[in-house]
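Note that ligands are numbered from 1 as they come in the structure, with each ligand's atoms numbered from 1 the same way. Only heavy atoms go into these numbers, but all of them, side chains included; no hydrogens, no water, no symmetry mates.
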Amino acid sequence: MTDRVLVCGGAGYIGSTVCNELLKSGRQVIVVDNFCNGHREAIPAGCEVVTGDIRDTACLDAVLERYKPQACLDFAAFIEVGKSMEDPGSFFDNNSFGTLNLLRALVRHGVDKFVFSSTAAVYGQPDLVPISEDASLKPTNAYGESKLLVERMLEWFGRIHGLRSARLRYFNAAGNTPERGEDHVPESHLIPIMMQVALGQRPQAYIFGTDYDTADGTCVRDYVHILDLASAHILALEALEKRESLVYNLGNGHGFSVREIIESMRRVTGRPVPVAEGPRRDGDPAILVASSERIKTELGWKPKYADIDSIVASAWEWRSRHPNGYGS
Ligand SMILES: NC(=O)c1ccc[n+]([C@@H]2O[C@H](COP(=O)([O-])OP(=O)(O)OC[C@H]3O[C@@H](n4cnc5c(N)ncnc54)[C@H](O)[C@@H]3O)[C@@H](O)[C@H]2O)c1
């Protein structure tokens, strides 16, 4: 077993929950986070915590020298798609250059296993749905491109330096655990925005486009629970003991439209969720649904949360007790 794991971005929404599951699996976890977006309170007790930036070579060398991890999971990134189209340079700097800096440090210190948080945004507008890992990679935003560049680097680092890697392309991460939740600032994800509306913190939510070629005219997305993401990370980490390169989609395989999420939110919270309808946003594909058959077949991944009400209910459980997020 890989006993000691470095987790970059472990104070964030997904990373903090994965840290908790890694601890529960008996591993030692070292978190490096610069707290540009994450929350110190989200990091589970029991992790070693280093405040540092993946672009800071001296910091990475010191951490790797001191803790000698056997593997690294990398969640550290900027994630706002909209911002990536205003300031692409900051995304290439943080997400692509930052991860390159991390990869070079791992190679220098002999760490040979790397699990990377990639994204469905590497596919852009899909030609076929559900999307398989063999679909063409044509990002339509700088965020997706910044992640795809890392995926390409990983191929070369594997070939030349023997760095084993798992590229996990998440679809829409969703849901919470009772202990930690989703608290992005600014928030751009549908479920937390709807919860802010249910709490009266926003007057209404917006539906961008009601004339898509979908059953109810609104966009359809694939929501995967963060505990299911966490179990996939642990399976991938274990598989890297034997396998050199893994590429997997992580989705639950069921698409839900924006209107279906609104209805679920109303059912789960029992509160009104007013919405306004507006025009489409540029570049939003009508349907993004994953095929995750490859990881199910190869690693036996069994996502537990398929039903949207259980995902939304898990999100509401945390948010209703922390109406202002970690600042509550
Ligand atoms: N949230 C989603 O639905 C989703 C979907 C697909 C992929 N992803 C990917 O998953 C990863 C985690 O996403 P999240 O929603 O948890 O985001 P998040 O913003 O909650 O977490 C990212 C963490 O990384 C830290 N960080 C950012 N840049 C850093 C740097 N240079 N050095 C050190 N720490 C840094 C932040 O402080 C934060 O704690 C990201 O790489 C994201 O691209 C997320």
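Salt-bridge check for R167 with E155: passed, with a basic side-chain N closer than 4.0 Å to an acidic carboxylate O.
In summary, the side chains of H189 and N172 do not present any donor paired with an acceptor at a separation below 3.5 Å, with no hydrogens or angles considered. Looking at E298 and Y248, their side chains do bring a donor and an acceptor atom within 3.5 Å of each other. Side-chain N/O atoms of T2 and E241 include a donor and acceptor closer than 3.5 Å.
In terms of protein heavy-atom proximity, atom 31 (N) of ligand 1 is closest to N94 OD1, 2.6 Å. Counting only heavy atoms of the protein, atom 16 (O) of ligand 1 lies nearest to I14 N, 2.8 Å. In terms of protein heavy-atom proximity, atom 2 (C) of ligand 1 is nearest to A173 CB, 3.6 Å. Here the protein heavy atom with the shortest distance to atom 15 (O) of ligand 1 is H184 NE2, 3.0 Å. Distance from atom 21 (O) of ligand 1 to its nearest protein heavy atom, with residue and atom name: G12 CA, 3.3 Å. Looking at atom 35 (C) of ligand 1, its nearest protein heavy atom turns out to be N34 OD1, 3.2 Å. Distance from atom 36 (C) of ligand 1 to its nearest protein heavy atom, with residue and atom name: D33 OD1, 3.5 Å. Shortest contact from atom 40 (C) of ligand 1 to any protein heavy atom: F75 O, 3.3 Å.
Ligand 1 lies within reach of G52, whose nearest heavy atom is under 4.0 Å from it. Contact between F78 and ligand 1 is absent, with no heavy atom of the residue lying under 4.0 Å from the ligand. Judged by the shortest distance from any of its heavy atoms, C36 lies inside the 4.0 Å radius around the atoms of ligand 1. Look at A42 and you'll find every heavy atom at least 4.0 Å from all atoms of ligand 1.
Contacts between E182 and ligand 1, counted as non-hydrogen atom pairs separated by less than 4.0 Å, are absent for every part of the residue. Residue I79 touches ligand 1 through its side chain alone, judged by heavy-atom distances below 4.0 Å. Contact annotation: for A121 versus ligand 1, there are no heavy atoms closer than 4.0 Å.
In this structure, R55 fails the cation-pi test against F97, since its NZ or CZ atom is not both closer than 6.0 Å to the six-membered ring centre and inside 45 degrees of the ring normal. Taking the centre and axis of the six-membered ring of Y67, the NZ or CZ atom of R4 falls outside the cone set by 45° and 6.0 Å. Geometrically, R159 engages W156 in a cation-pi contact defined by less than 6.0 Å to the ring centre and at most 45° from the axis.
In this pair, W318 and H322 present their aromatic rings parallel. The plane angle is below 30°, not in the 30 to 60° band. Taking the six-membered ring where tryptophan is involved, the planes of F91 and Y143 are perpendicular, since the angle between them exceeds 60° and thus also 30°.
Ligand 1 has a nitrogen or oxygen under 3.5 angstrom from a nitrogen or oxygen of D53. Annotation: N172 places no N or O atom under 3.5 Å from an N or O atom of ligand 1; distance criterion only.
For NZ of K83, the number of neighbouring non-hydrogen atoms (other residues, nucleotides, ligands) closer than 6.0 Å is 12 at most.
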